[in-house]
Amino acid sequence: MTNLHFTTPLAGLDPLRNFTLTPIDGATGVYALQSDDRPEIRFHVLDAAIHAPTYQPTFDGYDASKHTVLLIVTARPAGLTANLLAPVILDVQHYTAEQVILDDPARYPLQAPLDELVAA
């Protein structure tokens with residue numbers, strides 16, 4: 001488990017900033033991200049480098065040796081999707097994180113089918 005502090009709240013979750021990142025047993029690069037203040041708020045996230053290696057948008061100040069890109073996964077009736085439009089950038093040295101909202105929804109969809117992303 002890793003305690004994370006979001007420098008700005010996740011979209012729609014203001015004022016929550018403190019979360020715990022827990023690896024899912026038997027699933028490399030898959031984590032649960034749970035609010036410390038409201039434990040009923042819990043997401044699954046994927047390490048993009050492992051599960052979506054072709055996903056490589058550019059971010060200001062991003063350094064692959066200091067940051068990990070996490071993608072929020074959502075269960076939908078048609079299957080699992082990953083949010084490519086608003087990834088979470090984790091600073092692995094300071095245990096801080098922020099959600100970055102990209103400006104190209106045509107290239108980075110909000111609901112990319114996970115089976116297509118992983119197969120890429």
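Listed here is the closest heavy atom pair of Thr22 and Met1: OG1-CG, 3.4 Å. Closest non-hydrogen pair, Pro87 versus Tyr55, comes out as CG-OH, 3.3 Å. The minimum heavy-atom distance linking Val92 with Ser65 is given by the pair CG2-O, 4.3 Å. Between Ala86 and Ile101, the closest heavy-atom pair is CB-CG1, 4.0 Å. Between Ala112 and Leu84 the shortest heavy-atom distance is CB-CD1, 3.6 Å.
By the 30° and 60° cut-offs, the orientation of the rings of Phe43 relative to Phe19 is tilted.
In this structure, Thr58 has no side chain to side chain donor-acceptor pair (under 3.5 Å) partners at least two apart in sequence or on a different chain. For Phe59, the ring pair (Phe, Tyr, Trp, His ring centres under 6.0 Å) partners are Tyr62, not counting sequence neighbours.
A continuous path of hydrophobic side-chain contacts links Tyr108 to Leu114 [ILVMFWY only; heavy atoms under 4.5 Å]. Using a 4.5 Å cut-off between side-chain heavy atoms of Ile, Leu, Val, Met, Phe, Trp and Tyr, with links allowed through other members, Ile89 and Leu13 fall into different hydrophobic clusters. No continuous path of hydrophobic side-chain contacts links Ile50 to Leu70 [ILVMFWY only; heavy atoms under 4.5 Å]. A continuous path of hydrophobic side-chain contacts links Ile72 to Leu21 [ILVMFWY only; heavy atoms under 4.5 Å].
Annotation: side chain of Val88 is not in contact with side chain of Val45 (no heavy-atom distance under 4.5 Å). In this structure the side chain of His51 never reaches within 4.5 angstrom of the side chain of Leu71, judged on heavy atoms. When side chains are defined from C-beta on, Leu33 counts as touching Leu4, because their heavy atoms get closer than 4.5 Å.
Annotation: side chain to side chain donor-acceptor pair (under 3.5 Å) contacts involving residues 6-17, sequence neighbours excluded, are absent.
Annotation: Arg76, atom CZ; neighbour count of heavy atoms from other residues, nucleotides and ligands within 6.0 Å is above 12. Crowding of Asp37 atom CG: a count of heavy atoms from other residues, nucleotides or ligands under 6.0 Å exceeding 12.
Note that CZ of Arg38 is 6.0 Å distant from CG of Leu16, once rounded to the nearest 0.5 Å.
Among Leu90, Val69, Val30, Thr68, the one residue that satisfies the side chain to side chain contact (heavy atoms under 4.5 Å, CB included) test with Asp47 is Thr68. Of the residues Asn18, Asp36, Thr96, the one that meets the side-chain hydrogen bond (donor to acceptor under 3.5 Å, both in side chains) test with His5 is Asn18.
The backbone N or O of Pro39 lies less than 3.5 Å from a partner atom in the side chain of Gln34, making a donor-acceptor pair.
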